[in-house]
Each structure stands twice: as C-alpha cells, then as structure tokens.
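Order of the sequence lines sets the chain letters (A, B, ...), proteins ahead of strands, with each chain counted from 1. Just so it is clear, the values below take in all heavy atoms, side chains as well, and ignore hydrogens, waters and symmetry mates.
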2 protein chains.
Amino acid sequence: MARTTRQRSAVVAVFDELEGFHSAQEVHARLRTAGDTVGLSTVYRAVQALADDGELDSIRTESGEALYRRCSTQHHHHLVCRSCGRTVEVAGPTVEAWADRVAGEHGFADVSHTLEIVGTCADCR
Amino acid sequence: MARTTRQRSAVVAVFDELEGFHSAQEVHARLRTAGDTVGLSTVYRAVQALADDGELDSIRTESGEALYRRCSTQHHHHLVCRSCGRTVEVAGPTVEAWADRVAGEHGFADVSHTLEIVGTCADCR
DNA sequence: CGGCGTTTGACAACGGTTCTCACCAGCTCC
DNA sequence: GGAGCTGGTGAGAACCGTTGTCAAACGCCG
C-alpha cells in the first residue's frame, strides 16, 4: 500500500524539476549521475505506480518508448516537423473542449487525451 | 525499387479486406493460417514500406505495439476506455480544422495528426 | 534463357520493459 | 526503541516486438 521510500521520492523529485515528457530510462540515468543509486526496475515500478495514481501522464514515442510527465504541467500539444524533428508546443482550448464534449456524449468520464500534429516545417520544404 | 512480389501483394490484400488497425504480427498470423507462407521480417518490411509511401497509417498501442491501417479508411479518432479497453470511433471536423490552422500558422505544410482520447466508460465507473 | 540487383526468410541481435527472488526497510504494535 | 509483518528494492534474467544479417531465391530486363 504505497509506502513512501527514498527511491520513490527521488523519482517524484525528478519530475518536479523537469518540464515535459521524460522516459523511465532518462529518469534512471539522471538519478544515477546525481549519485542516487536506484535500480532501473524500481524506476519503472515507480513511474507506473505514479501513472496509475494519476500523478503522471504517459504517452508513447514513435519508436515505442514510454514517456511520462508531471500531470500538473500545463497542458499543451506538439507540432513536430517530420523532416528535421523541430517541435513547437501549441495550446488548444478548442480541442480540449471538443474532446471533453465528445467523450461526455459517449458516457466517458475522467477524460484525458493526447494529440500530435506532424507536418513539414517551412525550413524543410 | 518497389518490386511487386507475391508477399507484398499478400500484405496489401490483408489490409484491403480488413477495417481499422492491425499489427504486423497479426497480419503475419493471418497470412500463415491462410496457408500463405510469408516471413515475419518480410511483413515488417512490407508494412513499413507501405507506411513510408503513405499507403498505411500507423499508431502505437499503449503497450508499444505498432498498428497499421489502410490510409483510405475514413479519418477518425479513438475514444478508449482505460479500464475495459472498449473503443469508440469518433469523427472530428472541429479538430481537423483546428490542427490545419495551427500548423499553418507555424509554417507547417502537409499536415497530419493523431489524437487519442482516454477516459472511463459508463459501464466501468 | 542468363545475368544482375532486389527481395526473401530463418535466425540472431537489440532495446525497452517486465519478471524473479533473495534481501532490505517502512510501518505498526508492543 | 525493538520485533515482526508486509511491501519495496535491485541485479540479472526473461520477454516480446522489432530490426539486422546474409545466403538463397526471384522478378525483371535484355
């Protein structure tokens, strides 16, 4: 039952310091280089537990990697260039409202969403 | 340069018969049980080639698996229940328009997007 | 048909994630 | 504060989808 250990606090601390999405491996590396010895398995368990508790959001990279971010981070989406990978963060009240409405219409509650826009940026055309 | 072989035709045929998203492994299994002997690597290469050519769309499962669908399938998004996995397909002209507009404002062209809405469905509450 | 360049497929390798299991450490009750 | 129960930890192995390897097979062109 959710015991508060040194390792879990450390993982939470990393996400408190960092904006945006980060992988479990990245968190692990960050802790290690900070001199904090935490097992990789433990980091995986921690981020999963946190995601289950709704403290972290998660998405999947195009390559299949799982990324997490602190939930309180201001919500926004990514506009990614398919050629150079340049990323612009965009906010979308329109979409947020639409997603909530559509979900509600189908009886879904406690709704979140992920949206990724991919295109070719001006420089790469 | 894009030779038309028995194996590639077979993969294309599977997507012609099937609606929605399917994994490379699923396609492979389907071909095998149909008595069509095609290597797994070949299926992977075929779906990737097709995705590169824009003939297939791809997304990632929550578990990291890659799924593909025939591109001509009418564009829609998924509303997924986080508990039972039930999926509802929703169309969203609002979102389409918004995504195009936002991308255009940032100088992005040739825009596509993926949107996934996750919530808890009425039955699972 | 013959040759060449691509494709194929069995298998190995890879990388992220999850599992295993012996050891360790919060928490609770005394 | 200490003992004991219960859940957490971590090194390493296992797992699984995916990608790479390479010799053999095949499509295509002349």
Nearest-Å distance for atom pair [atom1]/[atom2], residues [X] and [N]:
| X | N | atom1 | atom2 | result |
| --- | --- | --- | --- | --- |
| B/E65 | D/dC15 | CD | P | 18 Å |
| A/L40 | C/dT20 | CG | P | 17 Å |
| B/R8 | C/dT8 | CZ | C1' | 9 Å |
| B/E26 | D/dC16 | CD | C1' | 16 Å |
| A/I59 | C/dT17 | CD1 | C1' | 17 Å |
| A/E62 | D/dT19 | CD | C1' | 16 Å |
| B/F21 | D/dG17 | CZ | C1' | 18 Å |
| B/H28 | D/dT19 | NE2 | P | 15 Å |

Query raised in the report: Out of C/dT17, C/dG9, D/dT18, which nucleotide sits closest to the side chain of A/A66?
Result: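 In terms of side-chain proximity for A/A66, the closest of C/dT17, C/dG9, D/dT18 is C/dT17.
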Query raised in the report: Relative to the 5' end of DNA chain D, which residue comes earlier, A/R32 or B/Y68, by the nucleotide with the nearest heavy atom?
Result: A/R32
Query raised in the report: If you look at every strand shown and take non-hydrogen atoms under 4.0 Å, does A/T37 touch a base, only sugar-phosphate, or nothing?
Result: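 Sugar-phosphate: the residue A/T37, judged by heavy atoms under 4.0 Å, touches backbone atoms but no base.
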Query raised in the report: With a non-hydrogen cut-off below 4.0 angstrom, is B/S23 in contact with a base, only sugar-phosphate, or nothing?
Result: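 Counting heavy atoms under 4.0 Å across all strands, no contact is made by B/S23.
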Between [X] and [N], is there a side-chain N or O to OP1/OP2 distance below 4.0 Å?
| X | N | result |
| --- | --- | --- |
| A/T5 | C/dG26 | no |
| A/Y44 | C/dT18 | no |
| A/Q48 | C/dT18 | yes |
| B/R6 | C/dG9 | yes |
| A/Q7 | D/dG8 | no |

Query raised in the report: Hey, is the main chain of B/E65 close enough, under 3.5 Å, to the side chain of B/R60 for a donor-acceptor pair?
Result: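 Between the backbone of B/E65 and the side chain of B/R60 there is no qualifying donor-acceptor contact (under 3.5 Å).
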Tell whether [X] reaches the base of [N] with its side chain through a donor-acceptor pair below 3.5 angstrom.
| X | N | result |
| --- | --- | --- |
| A/T4 | C/dG26 | no |
| A/S41 | C/dC19 | yes |
| A/R45 | D/dG7 | no |

Requested in this report: Step through it carefully: locate the ring centre of B/H78, locate the ring centre of B/F21, and say whether they are under 6.0 Å apart.
Outcome: yes
Query raised in the report: Are B/Y68 and B/E55 close enough that a side-chain donor and a side-chain acceptor fall under 3.5 Å?
Result: no
Query - Plane angle bin for B/H77 and B/H113 - parallel if under 30°, tilted between 30 and 60°, otherwise perpendicular - result: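 Correct class here is tilted.
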Report task. Nearest 0.5 Å please: distance from the CD atom of A/Q7 over to the OG1 atom of A/T37. Result -> 7.5 Å
